[in-house]
Amino acid sequence: MSKFRVALSRDFKKPDGSPAFPDFDLTPLAQNPAVEYDYIQTNGVIGAADLEGFDALILLIPRIEPESFPKDGRLAIIARFGVGYDTVNVDACTDHDCALVITPDGVRRPVAVSIITFMLALTGKLAGKDRITRQGPEGWAKRNEHMGIGLVGRTLGQLGIGNIGAEVFRLARPFEMHFIAHDPYADPKVAQELGVRLVGLEELFREADVLSVSCPLNEETHHIVNAERLALMKPTAYLINTSRGPVIDEKALTRVLQEGGIAGAGLDVFEQEPSPADNPIYKLDNVLCTPHALCWTDQCFAGIGAADVKAVFDVMHGRVPTGIVNRKIVERPAWQDKLKRYKAAFGG
Ligand SMILES: NC(=O)c1ccc[n+]([C@@H]2O[C@H](COP(=O)([O-])OP(=O)(O)OC[C@H]3O[C@@H](n4cnc5c(N)ncnc54)[C@H](O)[C@@H]3O)[C@@H](O)[C@H]2O)c1
């Protein structure tokens, strides 16, 4: 094995060939004489022919299914650019002795900051105040119709207290709010250290003044925020979703927002993405929308990219990377053999 070959999905480049994320620093790959990297096709599901002869894949949007794995059995790591991996068939990765790695370190702070941004903008009535300011004296005269909500003593709730959910509570400490969370798999020690009371699902919806959704999308969480649960929320409460669109029944949420069942919502993710321009939720004044990109900053992409590159180098030098989704892989002899071969070829 003369080179460690790394594939990047083609969507890391814009159609004109320029980088889609200029802050994703590829120089560590480019400058390593033992590494060769190339871009591969992007649309839909990646095909086995495209991954033939590669040891690693850094993956943005395209899907990975069983048919994505070449017969050469060489691929040892897929590093997802971010922490969502609903586009990757995890069992297929394990079956083909390939680690699936995500980058919790890269997104923790940026996504938590976007949740705090939504909370402050919604409770501070930022969008409405911006609108009336631009209307001149007539708008300014309506200032007292746009009273914000103070946060001291109010309740911040998290559906999911993992990597991002926990960071939200860390960042929200100075606001002197009560903290509650529902997470069936929560580490009670983490919750206790953060001053978070773990509650039942219904209690979370009933008690939160600001309710943020930070759980993964899976069979259990699909439409976990539905009409029935939204009806439990206070009419003064705000809902924030930065996780995945289908975690919320968007039609039910639209109805609740139209009817004033809750005060408003901050949505970075939608059931259909990109969501069409005639999505009725866009028409609502009490909703702030961002195109699955509120956390996108120079530091966010630099951090995610650095974490992916580090994971790729870890495997290249026979080390087990952090952020592995399919933990079973670590015990599989065929994957361990791949690491041993890399270590022998490229050093430990
Ligand atoms: N908007 C964005 O740009 C963006 C960026 C990164 C991540 N995300 C999304 O945010 C999600 C959370 O990311 P993370 O890094 O905190 O992941 P994580 O896995 O560290 O945390 C998710 C938490 O949700 C919990 N959970 C699982 N099932 C649950 C359920 N039924 N009810 C309540 N909680 C449940 C888990 O126990 C875990 O603690 C990701 O799955 C991803 O979809 C979005």
Side-chain angles (χ1 to χ4, degrees), residues 20-21 59-61 79-88 90 100-119 157-171 179-194 196-205 208 211-226 229 239-249 265-271 273-275 288-297 299-301 303-305 307-308 322-327:
F21 304 107
L59 177 71
L60 194 56
I61 304 289
R80 250 291 287 151
F81 197 76
V83 295
Y85 54 90
D86 42 298
T87 52
V88 180
V90 181
L100 171 63
V101 168
I102 55 172
T103 58
D105 292 349
V107 298
R108 182 184 308 118
R109 176 61 62 89
V111 182
V113 166
S114 48
I115 292 166
I116 299 290
T117 302
F118 269 143
M119 176 170 80
Q158 271 288 144
L159 183 60
I161 178 175
N163 178 46
I164 292 166
E167 184 76 352
V168 169
F169 289 123
R170 274 180 217 112
L171 295 181
F179 292 166
I180 59 173
H182 173 77
D183 186 332
Y185 316 102
D187 180 346
K189 244 178 74 190
V190 171
Q192 197 190 6
E193 277 163 19
L194 293 168
V196 177
R197 190 162 56 87
L198 292 172
V199 298
L201 189 56
E202 286 199 0
E203 196 177 346
L204 180 79
F205 280 82
L211 173 50
S212 153
V213 181
S214 301
C215 59
L217 172 63
N218 55 37
E219 274 174 26
E220 189 190 13
T221 61
H222 183 266
H223 283 193
I224 192 170
V225 181
N226 57 17
R229 296 193 175 115
L239 181 72
I240 294 169
N241 188 13
T242 62
S243 66
R244 285 290 183 266
V247 170
I248 295 183
D249 178 345
L267 304 173
D268 188 46
V269 287
F270 300 85
E271 286 218 66
E273 292 186 6
S275 196
L288 292 176
C289 299
T290 51
H292 202 147
L294 188 54
C295 79
W296 289 21
T297 62
Q299 293 180 355
C300 178
F301 286 113
I304 292 172
D308 272 348
T322 57
I324 296 183
V325 175
N326 51 345
R327 289 295 310 167

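For ligands, and for the atoms within them, numbers begin at 1 and follow the listed sequence.
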Query raised in the report: Would you say the side chain of H223 lies within less than 4.5 Å of the side chain of E271, judging by non-hydrogen atoms?
Result: yes
Query - Neighbour list for ligand 1 [protein residues, heavy atom under 4.0 Å] - result: V83, V111, L159, G160, I161, G162, N163, I164, H182, D183, P184, Y185, S214, C215, P216, E220, T221, I224, T242, S243, R244, D268, H292, C295
Requested in this report: Name the orientation class of the two ring planes belonging to F179 and F169 (parallel below 30°, tilted from 30 to 60°, perpendicular beyond 60°).
Outcome: tilted
**Report entry** For I161 against L198, the heavy-atom pair lying closest together
**Finding:** CG2-CD2, 4.3 Å
Query - Nearest non-hydrogen partners of G82 and I304, listed with the distance - result: N-CG2, 3.5 Å
Query raised in the report: For the residue pair V269 and R244, what are the closest heavy atoms and their distance?
Result: CG2-C, 3.6 Å
Query raised in the report: Can you name the nearest heavy-atom pair linking A307 to T103, along with the distance?
Result: CB-CG2, 3.6 Å
